[in-house]
Amino acid sequence: MTVLRPLTASDAPVIRHIYSGAAVTFLGRPAMTGPEAEEYVLRVQEWACADPIEQYILGVDIGGDVVGVVKLGRRPGGHGRVSYILREDCWGRGYATDAVQELVTFAFTTAGLSSLGAKHHPDNPASGRVLTKAGFTRLGTRNGMLEYHLPMHAWRLHHNPT
């Protein structure tokens, strides 16, 4: 079962592992160091205490093992931005799809957003499949990235068909 949960200080080593290897190929950054992972977790915990919360960053927990991170950033006008990263050894198991679907539900039911966007590198088609399985529609290419959109009304139709 996929559970989205807040990160704790003890998650820093696994965060370093998540942000390494092939998983960072399309992020435009090198692998995370141990100190960077510790600082990242501290920042995430501070952001979680902000009022209002502008960015949710949650661990993707599978049976007690954090295998990835999902992010939901607030934008003006009730719009949110979704992103995610999964540990390389966990690719292809449906974890990212499950996590993004959980995050979308959270965005529309708890965070009060009315639409979501996401993007991915064109050389990462698996990421596009995750987004379409979660209900996103591909809009096109912008600044070299493939852009996606999901309005709440389309999500409701998919999750509450009448």
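Just so it is clear, the model here is predicted, and its values are computed rather than measured. The first residue in the sequence is number 1, and the count goes up from there.
- Side chains of V70 and V60 form a contact here, defined as non-hydrogen atoms less than 4.5 Å apart.
- W91 contributes a side-chain N or O that, together with a main-chain N or O of L86, makes up a donor-acceptor pair within less than 3.5 Å.
- Other members of the cluster containing L7 are V14, I15, I18, Y19, V24, L27, M32, Y40, V41, V44, W47, I57, V66, V69, I85, with ILVMFWY side chains joined at under 4.5 Å, either directly or via other members.
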Practice item. Let me see the working for T137 and H149 under side-chain hydrogen bond (donor to acceptor under 3.5 Å, both in side chains), right down to the final yes or no. Key: CA-CA 5 Å; T137 300; H149 185 251; over 6 Å; no
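- Between Y56 atom OH and L103 atom CG the span is 10.5 Å, to the nearest 0.5 Å.
- Rounding to the nearest 0.5 Å gives a distance of 4.0 Å between CG of D98 and OG1 of T2.
- With contacts defined as side-chain heavy-atom distances shorter than 4.5 Å, the pair F106/L4 does not qualify.
- For residues 26-39, the set of pairs meeting the salt bridge (charged side-chain N to carboxylate O under 4.0 Å, His left out) definition, not counting sequence neighbours, comprises R29-E36, E39-R43.
- Across Y84 and S127, no two heavy atoms sit closer than the pair OH-OG, 2.6 Å.
- Residues A37 and A12 come closest through the heavy atom pair CB-O, 3.3 Å.
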Point to revise | side chain to side chain contact (heavy atoms under 4.5 Å, CB included) between H120 and L146, intermediate numbers included | key: CA-CA 5 Å; H120 72 86; L146 298 176; 3.4 Å; yes
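- Checked by atom type and distance alone, the side chain of E88 pairs as donor or acceptor with a backbone atom of A22 at under 3.5 Å.
- In terms of heavy-atom proximity, S20 sits nearest to A31 at CA-CB, 3.8 Å.
- Side-chain atoms of K119 and R81, non-hydrogen and from C-beta on, do get closer than 4.5 Å to each other.
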Check your understanding: Taking it one step at a time, do F108 and L150 satisfy side chain to side chain contact (heavy atoms under 4.5 Å, CB included)?
Key -> CA-CA 10 Å; F108 291 141; L150 177 58; 4.0 Å; yes
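- Results of the side chain to side chain contact (heavy atoms under 4.5 Å, CB included) test with L116 over V100, L72, L131 single out L72 as the only residue that passes.
- Side-chain contact check for L113 versus M152: every heavy-atom pair is 4.5 Å or farther apart.
- Residue pairs meeting the salt bridge (charged side-chain N to carboxylate O under 4.0 Å, His left out) criterion with at least one member in residues 44-70, sequence neighbours excluded, are R5-D61, D65-R87.
- Smallest separation of non-hydrogen atoms from H79 and S115: ND1-OG, 2.7 Å.
- Atom NZ of K133 and atom CD of Q101 lie 9.0 Å apart (nearest 0.5 Å).
- Residues F136 and G117 approach most closely at CE2-C, 4.0 Å, considering heavy atoms.
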Review point. Should V130 and Y148 be marked as a side chain to side chain contact (heavy atoms under 4.5 Å, CB included) after you check the CA-CA gap, both sets of side-chain angles, and the distance that decides it?
Key: CA-CA 11 Å; V130 166; Y148 291 76; over 6 Å; no
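- The nearest pair of heavy atoms linking H121 to M145 is N-CE, 3.5 Å.
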